[in-house]
Amino acid sequence: FNMPMTLQEFERFYQAKPHDAAEILPEIVPPEHENSMAYAPFRPAQPMRMEEIVDNAHAGIFQVGMDHEFTFLTCNEGYRRMLGYTARQMDEKFKNQALGFVHPDDVDYVNEEIRRQLNLGDTVTIEFRVVKANGNPIWILGTGNVVKNRHGNASLVVVIVDNNRIKAQNLSTQQQAAFFDSILS
């Protein structure tokens, strides 16, 4: 049969007789790369421990204290990979203080904005720059919430994603819009 079908052709074809899947579905083209995860047959895997899942996530997941520098209480390997630091380097260079990684131009904003949002509720969403180990800044987007332990001590659990590509596209669009606006004005 040819696509697209009319409604009448569709009804005649599918109601006339039972069909073999090969008759209905397009031919599946084998992948060029035999080890492609997208085309790999499903094989039941052993469930990972939550710690392994968190460390393998392509995101930063961490817990910080509610002190002035938002000191790391825990930090996953995903955030370390994103920034290019080892746990030891984070401790030695920044004393495990989350604000130490923030771009110098953004530190005051980040500190004030997080505290402003926490005065309004228990959640935070913020976009800002951090500086990677190689010296390059990247835009990140973070969202977090306050958690309290059984003793009532509060900390902030945060998930961070690399937002650099999207931010660059947005900035480019804004620059283009400003350019065209200046031409038309």
Side-chain angles (χ1 to χ4, degrees), residues 33 35-38 40 42-175:
H33 185 326
N35 295 324
S36 169
M37 289 295 289
F42 175 74
R43 286 181 228 113
Q46 292 296 319
M48 295 165 61
R49 293 187 339 262
M50 186 54 69
E51 182 179 324
E52 293 172 311
I53 292 170
V54 169
D55 276 343
N56 284 291
H58 188 68
I61 304 171
F62 53 81
Q63 179 186 14
V64 292
M66 303 292 278
D67 59 330
H68 184 67
E69 296 294 327
F70 295 107
T71 303
F72 286 109
L73 302 173
T74 60
C75 179
N76 77 327
E77 286 300 316
Y79 194 51
R80 292 184 188 115
R81 279 191 307 272
M82 186 185 300
L83 297 179
Y85 288 101
T86 65
R88 185 177 189 169
Q89 289 169 326
M90 288 174 78
D91 183 35
E92 290 174 356
K93 188 168 183 177
F94 300 103
K95 297 181 178 66
N96 279 325
Q97 296 174 337
L99 287 180
F101 299 91
V102 176
H103 190 282
D105 294 343
D106 294 354
V107 172
D108 290 339
Y109 161 74
V110 169
N111 199 7
E112 292 168 12
E113 182 61 16
I114 289 172
R115 294 181 195 286
R116 184 192 71 75
Q117 289 184 36
L118 290 175
N119 282 331
L120 300 173
D122 286 347
T123 60
V124 174
T125 300
I126 188 167
E127 181 183 53
F128 58 95
R129 293 170 295 175
V130 291
V131 181
K132 296 172 60 170
N134 65 10
N136 293 332
I138 59 167
W139 285 94
I140 60 173
L141 178 63
T143 185
N145 62 288
V146 174
V147 295
K148 293 184 180 179
N149 66 14
R150 63 178 182 223
H151 304 293
N153 299 323
S155 61
L156 191 60
V157 173
V158 181
V159 176
I160 297 282
V161 293
D162 181 337
N163 202 39
N164 210 46
R165 183 179 51 82
I166 294 169
K167 185 67 175 185
Q169 289 172 343
N170 289 344
L171 290 173
S172 175
T173 301
Q174 289 172 359
Q175 289 171 345

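Nothing here was measured: the structure is a model prediction, and the numbers come from that model.
Residues Phe70 and Ile114 are in side-chain contact: their nearest non-hydrogen atoms beyond the backbone lie under 4.5 Å apart. Looking at heavy atoms from C-beta onward, Val158 lies out of side-chain contact with Tyr79 at the 4.5 angstrom threshold. With a 4.5 Å cut-off on side-chain heavy atoms, Phe128 and Ile140 count as touching.
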Next item on the list: Before giving the answer on side chain to side chain contact (heavy atoms under 4.5 Å, CB included), spell out for Ile126 and Tyr109 the whole-Å C-alpha distance, their side-chain angles and the decisive distance to 0.1 Å.
Entry: CA-CA 10 Å; Ile126 188 167; Tyr109 161 74; 3.8 Å; yes

Next item on the list: For Leu118 and Val124, run side chain to side chain contact (heavy atoms under 4.5 Å, CB included): C-alpha distance rounded to whole Å, both residues' side-chain angles, the deciding distance at 0.1 Å, then the answer.
Entry: CA-CA 7 Å; Leu118 290 175; Val124 174; 3.5 Å; yes

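Looking at Asn136, its side chain never comes within 3.5 Å of a backbone N or O of Lys132 through a donor-acceptor pair. Here the side chain of Asp55 pairs a donor or acceptor atom with the backbone of Glu77 at under 3.5 angstrom. Looking only at distances, no side-chain donor or acceptor of His151 sits under 3.5 Å from a matching main-chain atom of Asn153.
Once rounded to the nearest 0.5 Å, the distance linking CG of Asn111 with NE2 of His68 reads 5.0 Å. Residue His58 holds its NE2 atom at 6.5 Å from CG of Asp162, rounded to the nearest 0.5 Å. Atoms CG and CZ, on Asp91 and Phe72 in that order, are 11.0 Å from each other to the nearest 0.5 Å. To the nearest 0.5 Å, the span separating OG1 on Thr125 from CG on Leu141 amounts to 7.0 Å. Distance CZ/Phe94 to CD/Glu69: 11.5 Å, rounded to 0.5 Å. In this structure, CZ on Arg129 lies 10.5 Å from CD on Glu127, to the nearest 0.5 angstrom.
Here the shortest heavy-atom pairing between Arg80 and Thr86 reads CD-C, 4.0 Å. Across all their heavy atoms, Ser155 and Gln63 have their closest contact at OG-NE2, 2.7 Å. The nearest pair of heavy atoms linking Asn164 to Pro137 is OD1-O, 4.3 Å. The two residues Met82 and Ile138 have their closest heavy-atom pair at CG-CD1, 3.9 Å. When every heavy atom of Val159 is checked against every heavy atom of Ala59, the shortest pair comes out as CG1-CB, 4.5 Å. In terms of heavy atoms, Cys75 sits closest to Met90 at SG-CE, 3.9 Å.
Under the side-chain contact (heavy atoms from CB on, under 4.5 Å) rule, Phe62 has a single partner from Val157, Leu156, Ile160, which is Ile160.
In this model, no donor atom of one side chain and acceptor atom of the other lie less than 3.5 Å apart for Asn119 and Arg115.
The pair Glu112-Arg116 does not meet the salt-bridge criterion, since no charged nitrogen lies less than 4.0 angstrom from a carboxylate oxygen.
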